[in-house]
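Chain naming here is simple, since letters A, B, ... match the order of the sequence lines and numbering starts at 1 in each.
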Amino acid sequence: MTDPYEVLNVPNTATDEEIKKAYRALARKYHPDNYHDNPLADLAQEKMKEINAAYDAIQRERSGHGRAAPNYGGGQTAAYQEYTGSSQGTSAEAQILYQVRWAVMMGGSLEQAERLLAQIPESRRGAEWSFLMGQVCYRRGWVDEARRCYQAACAREPGNIEYRSALDNLNQNRTAYRPDGYGMSSTCSGGELCGRLACTYLMCNLGGCFYCC
Amino acid sequence: MFGYVRPSEPRLSEEDKQRFRAAYCGLCRTLGERHGLSAPFILNYDFAFLSILLWPPETGTVLHRPCLAHPVQGRDCFPQNPALELAADCSVILAWWQLQDALTDPGKGKGKYRLLSGLLKNAYERTVRNRPNFDRTTREQLERLRYLEQAGCPTMDEPADTFARLLSGVSDEVKEPVRRRVLQQFLYHLGRWIYLVDAADDLEDDFSSGSYNPLIRRFSLTNGTLTEEAKETLALSLDHSIRLMAAAFELWDFGVWAPVIRSVVYEGLFLVGRSVLDRTFHTAVWPRSAARNKEKL
């Protein structure tokens with residue numbers, strides 16, 4: 001097994017407090033919230049498991065008996081929730097939408113989901129169609145199209161909480177993990193960093209001339 | 001690519017800065033040695049950044065060598081390695097196809113492009129034999145982009161996807177599976193970010209020349225500037241891609257290059273994006289940089 005101290009990046013002489021701090025910092029970094037709907041979520045989950053196991057091992061070693069780590073969501077698996085959306089029924093469209101929802105929620109093929117969505121004629125595309133198209137776009141990282149799709153879904157069905165929360169989540173620009181000392185989280189936030197810009201760059205680029213700094 | 005990817009200087013130690021410069025000079029040397037004298041013309045920092053993402057686990061030893069730009073004092077640079085070779089090859093292939101694209105574009109002065117194309121021809125023909133996959137991806141995605149441009153594509157995500165896929169194609173050359181997945185995602189969003197930032201940067205020129213620019217259609221612009229609301233909407237897309245790059249970065253150990261990459265994905269890209277949206281990218285950064293260059297040269 002890998003050295004648990006190495007996993008937490010602390011020396012084996014570290015105090016309990018230092019170990020807890022290192023563990024928390026890593027858990028914050030690889031927390032499932034940071035990898036929600038991310039194609040690399042499984043890798044982050046692996047990291048989380050490693051960190052939890054390492055912390056657990058150190059705790060056990062130091063206390064002399066078994067003590068579970070707080071476990072920040074390491075063993076979580078994405079549980080599929082039974083679809084209870086609005087477009088229920090047995091029509092062909094409803095079945096297609098059901099299939100798409102299944103594919104999107106279970107991390108299936110986005111190409112296939114898109115092909116299925118395209119089968120529904122434009123005149124019959126309702127709120128659920130827009131929402132699912134938004135999910136397909138979001139999974140691809142096409143956040144602008146996803147937003148427009150969610151907006152269309154919300155406009156067609158303003159009372160739907162799922163559609164609304166998808167749109168809110170996207171608009172919120174939710175704060176992601178940042179390493180200690182890094183405060184910036186948006187291209188557009190505040191004005192305080194603007195003045196620093198000119199002196200912030202390390203390098204320059206003379207349009208590709210023979211040039212090294 | 002276009003030189004938008006920059007680390008944030010205050011975040012780096014002197015050692016980190018020197019190492020990154022040595023990678024840049026190493027790429028310049030690699031381009032020269034591998035592709036001939038004319039190839040360093042296509043050099044920029046985006047490709048130096050690409051090379052450090054691809055860097056082998058052994059850092060390698062920096063050499064001090066004279067070069068064309070600094071024949072007397074010389075510069076520290078890394079000797080050729082697979083990452084520098086791949087970054088150099090990709091930059092030749094991309095530059096070649098972008099030149100071919102510019103040559104088929106109606107209404108632009110062709111002299112410069114013909115000259116550069118002529119200079120790059122041999123280098124391109126040699127490179128394409130080693131990197132047929134990247135060549136095919138580049139050609140296909142630039143063709144797709146051209147098609148979308150001609151069709152006046154009204155979204156920004158779809159044209160951005162072409163450049164994103166093109167760049168993420170570099171990851172196909174990475175053997176280690178986890179690293180390949182991490183880089184595929186990282187480079188997809190780096191390509192997407194570069195495309196969107198470039199579109200914002202070119203907006204005014206494209207509007208006045210009547211060229212395609214995805215932001216004009218997307219935001220139904222009536223002049224060459226983005227409204228505050230449009231800026232915020234665009235920033236949402238830029239931020240999202242930056243966050244996904246950062247999340248990917250944390251899943252692989254980039255060794256000695258971690259501080260440089262960290263400073264790019266947690267600060268540098270935000271700062272560049274903001275300066276492009278504020279239209280200070282060229283006025284605030286370039287003259288200052290140019291003055292500094294003169295002093296140093």
Side-chain angles (χ1 to χ4, degrees), chain A residues 26 29-30 34-47 137-138 140-148 170-179 181-191 193-213, chain B residues 3 6-10 12 17 20-21 24-25 28 40-45 67-70 75 155-157 161 178 181-182 185 188-189 192 231-233 235-241 243-244 246-248 250-251 262 266-267 270-271 273-275 277-278 280 284-285 288-289 292-293 296:
Chain A
L26 288 168
K29 188 189 284 188
Y30 297 112
N34 290 330
Y35 291 88
H36 185 64
D37 276 340
N38 189 312
L40 304 177
D42 59 313
L43 297 179
Q45 205 180 320
E46 280 304 310
K47 285 268 187 196
C137 290
Y138 189 79
R140 288 208 165 114
W142 295 21
V143 73
D144 192 50
E145 284 305 294
R147 185 162 173 260
R148 292 210 284 179
L170 215 158
N171 280 338
Q172 240 172 29
N173 215 345
R174 96 195 119 86
T175 320
Y177 163 81
R178 277 167 309 204
Y182 279 90
M184 212 172 178
S185 64
S186 171
T187 305
C188 252
S189 68
L193 283 150
C194 266
R196 266 174 47 195
L197 190 67
C199 54
T200 305
Y201 295 111
L202 164 62
M203 309 289 178
C204 35
N205 179 0
L206 277 183
C209 301
F210 289 99
Y211 168 75
C212 296
C213 277
Chain B
R6 323 243 177 140
S8 183
E9 183 175 16
L12 300 183
K17 291 177 206 168
F20 189 49
R21 282 189 200 118
Y24 181 86
C25 292
C28 181
F41 274 110
I42 60 176
L43 182 67
N44 73 42
Y45 276 105
C67 64
L68 274 168
H70 309 96
R75 279 294 181 273
T155 79
M156 58 188 191
D157 287 330
D161 180 67
V178 171
R181 279 187 63 200
V182 166
Q185 167 82 348
Y188 181 90
H189 285 282
R192 183 177 142 83
K231 278 185 196 172
E232 273 173 35
T233 306
L236 209 67
S237 282
L238 297 175
D239 293 348
H240 189 74
S241 281
R243 276 203 298 271
L244 290 177
E250 298 292 357
L251 294 171
R262 188 177 298 120
Y266 287 107
E267 197 162 271
F270 287 125
L271 289 168
R274 171 178 292 185
S275 72
L277 292 184
D278 291 348
T280 53
V285 180
R288 201 184 171 96
S289 306
R292 204 169 58 173
N293 297 343
K296 288 203 170 178

Colleague: Between atom CZ of Arg181(B) and atom CG of Asp42(A), what is the distance when rounded to the nearest 0.5 Å?
Modeller: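 Here the interatomic distance stands at 4.0 Å.
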Colleague: Report yes if some heavy atom in the side chain of Asp157(B) is under 4.5 Å from a heavy atom in the side chain of Arg140(A); otherwise report no.
Modeller: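 When only atoms from C-beta onward are counted, Arg140(A) and Asp157(B) do not touch, as no gap falls below 4.5 Å.
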Colleague: Please flag which part of Leu251(B) lies under 4.5 Å from any non-hydrogen atom of chain A: side chain, backbone, both or neither.
Modeller: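 When you check distances to chain A, atoms from both the backbone and side chain of Leu251(B) fall under 4.5 Å.
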Colleague: Can you name the nearest heavy-atom pair linking Arg274(B) to Ser186(A), along with the distance?
Modeller: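 Scanning both residues, the minimum pair turns out to be NH2-O, 3.9 Å.
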Colleague: Less than 4.5 Å to any heavy atom of chain B: does that hold for the side chain of Asn38(A), its backbone, both, or neither?
Modeller: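 Interface part for Asn38(A): side chain.
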Colleague: Please report the shortest heavy-atom distance between His240(B) and Tyr138(A), naming the atom on each side.
Modeller: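 Minimum heavy-atom separation between His240(B) and Tyr138(A): CE1-OH, 3.4 Å.
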Colleague: With a 4.5 angstrom heavy-atom cut-off, is it the side chain or the backbone of Arg192(B) that approaches chain A, or both, or neither?
Modeller: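 The side chain, not the backbone.
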Colleague: Looking at chain B, which one of Ala146(A), Cys137(A), Gly181(A) has the largest number of heavy-atom pairs inside 4.5 Å, strictly under?
Modeller: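 Result: the option with the highest number of such pairs is Gly181(A).
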Colleague: If you take all heavy atoms of Leu236(B) and Val143(A), which pair is closest and at what distance?
Modeller: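 For Leu236(B) versus Val143(A), the nearest heavy atoms are O-CG1, 4.1 Å.
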Colleague: With sequence neighbours left out, write down each residue that passes side chain to side chain contact (heavy atoms under 4.5 Å, CB included) with Ala246(B), or none if nothing qualifies.
Modeller: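 With sequence neighbours excluded, Ala246(B) shows a side chain to side chain contact (heavy atoms under 4.5 Å, CB included) to Val265(B), Tyr266(B), given in chain and number order.
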Colleague: Kindly indicate, with the supporting measurements, whether the criterion side-chain contact (heavy atoms from CB on, under 4.5 Å) is fulfilled by Leu244(B) and Leu40(A).
Modeller: CA-CA 10 Å; Leu244(B) 290 177; Leu40(A) 304 177; over 6 Å; no
Colleague: Measure the CZ-CG distance between Arg243(B) and Asn34(A) for me, rounded to the nearest 0.5 Å.
Modeller: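 Nearest 0.5 Å value for the CZ-CG distance: 10.0 Å.
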Colleague: Quick one: what part of Glu250(B) sits under 4.5 Å from any heavy atom of chain A, side chain, backbone, both or neither?
Modeller: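 For Glu250(B), backbone and side chain are both near chain A.
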Colleague: Quick one: which of Glu46(A), Arg147(A), Arg148(A) has the most heavy-atom pairs under 4.5 Å with chain B, could you say?
Modeller: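 Heavy-atom pairs under 4.5 Å are most numerous for Arg148(A).
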Colleague: If you take all heavy atoms of Leu277(B) and Cys188(A), which pair is closest and at what distance?
Modeller: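 Reported closest heavy-atom pair: CD1-SG, 4.5 Å.
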Colleague: Apply the test side-chain contact (heavy atoms from CB on, under 4.5 Å) to residues Thr155(B) and Asp144(A): give CA-CA distance (whole Å), side-chain angles for both, the deciding distance (0.1 Å), then the verdict.
Modeller: CA-CA 8 Å; Thr155(B) 79; Asp144(A) 192 50; 6.0 Å; no
